[in-house]
Amino acid sequence: NKNATGALRAGEALLLEHAYNPDFYVQAGKLAQAARQPGKTRFYWQKAFAMQPSEDLAMRLTVQLLKIDEPETALPY
């Protein structure tokens with residue numbers, strides 16, 4: 001878990017340099033998921049979806065929201 005947390009920090013640093021690229025938000029979400037940080041996972045994937053909606057991201061986001069017991073938030077996706 002320490003490796004995942006370190007990778008997340010590195011990904012977040014890269015995200016600062018590429019704030020307008022949704023791919024970096026998707027990757028940051030994946031790293032947050034690996035680091036078991038569901039709030040950050042949701043945040044990054046929602047941001048990526050707002051920038052560039054996709055079926056794959058909608059599915060990932062819906063599953064994540066259901067995992068953290070937010071089914072009403074998952075409805076729009």
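For clarity, every value in this text was computed on a predicted model and none was experimentally measured.
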* Asked: Hey, does Gln27 have a side-chain heavy atom less than 4.5 Å from the side chain of Tyr44?
  ->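 They are not in side-chain contact.
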* Asked: Does a side chain donor of either Tyr25 or Gln46 reach within less than 3.5 Å of an acceptor in the other side chain?
  ->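 Judged by distance alone, the side chains do not pair up.
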Between [atom1] of [X] and [atom2] of [Y], what distance do you get to the nearest 0.5 Å?
{"X": "Asn21", "Y": "Gln52", "atom1": "CG", "atom2": "CD", "answer": "8.5 Å"}
{"X": "Lys40", "Y": "Leu31", "atom1": "NZ", "atom2": "CG", "answer": "11.0 Å"}
{"X": "Thr62", "Y": "Leu75", "atom1": "OG1", "atom2": "CG", "answer": "9.0 Å"}

* Asked: Under a 4.5 Å side-chain heavy-atom rule over Ile, Leu, Val, Met, Phe, Trp and Tyr, are Leu66 and Met59 clustered together?
  ->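 In one cluster with Leu66: Met59, no.
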* Should Leu15 and Phe43 be regarded as members of a common hydrophobic cluster, given that ILVMFWY residues are connected when their side-chain heavy atoms come within less than 4.5 Å of each other, either directly or indirectly? ->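 In one cluster with Leu15: Phe43, yes.
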What closest approach, in Å, do [X] and [Y] show between heavy atoms, and which atom pair accounts for it?
{"X": "Pro22", "Y": "Ala48", "result": "O-CB, 3.7 Å"}
{"X": "Trp45", "Y": "Gln64", "result": "CZ3-CB, 4.1 Å"}
{"X": "Ala32", "Y": "Leu8", "result": "N-CD1, 3.7 Å"}
{"X": "Pro38", "Y": "Ile68", "result": "CB-CG2, 3.3 Å"}

* **Pairs satisfying salt bridge (Lys or Arg N to Asp or Glu O under 4.0 Å), at least one member in residues 59-76, at least two apart** =>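 Checked against salt bridge (Lys or Arg N to Asp or Glu O under 4.0 Å) - neighbours excluded - the pairs reaching residues 59-76 are Arg42-Glu70, Asp56-Arg60.
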* What orientation do Tyr77 and Phe49 show, parallel under 30°, tilted 30 to 60°, or perpendicular over 60°? ->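 Perpendicular, since the angle between the ring planes exceeds 60°.
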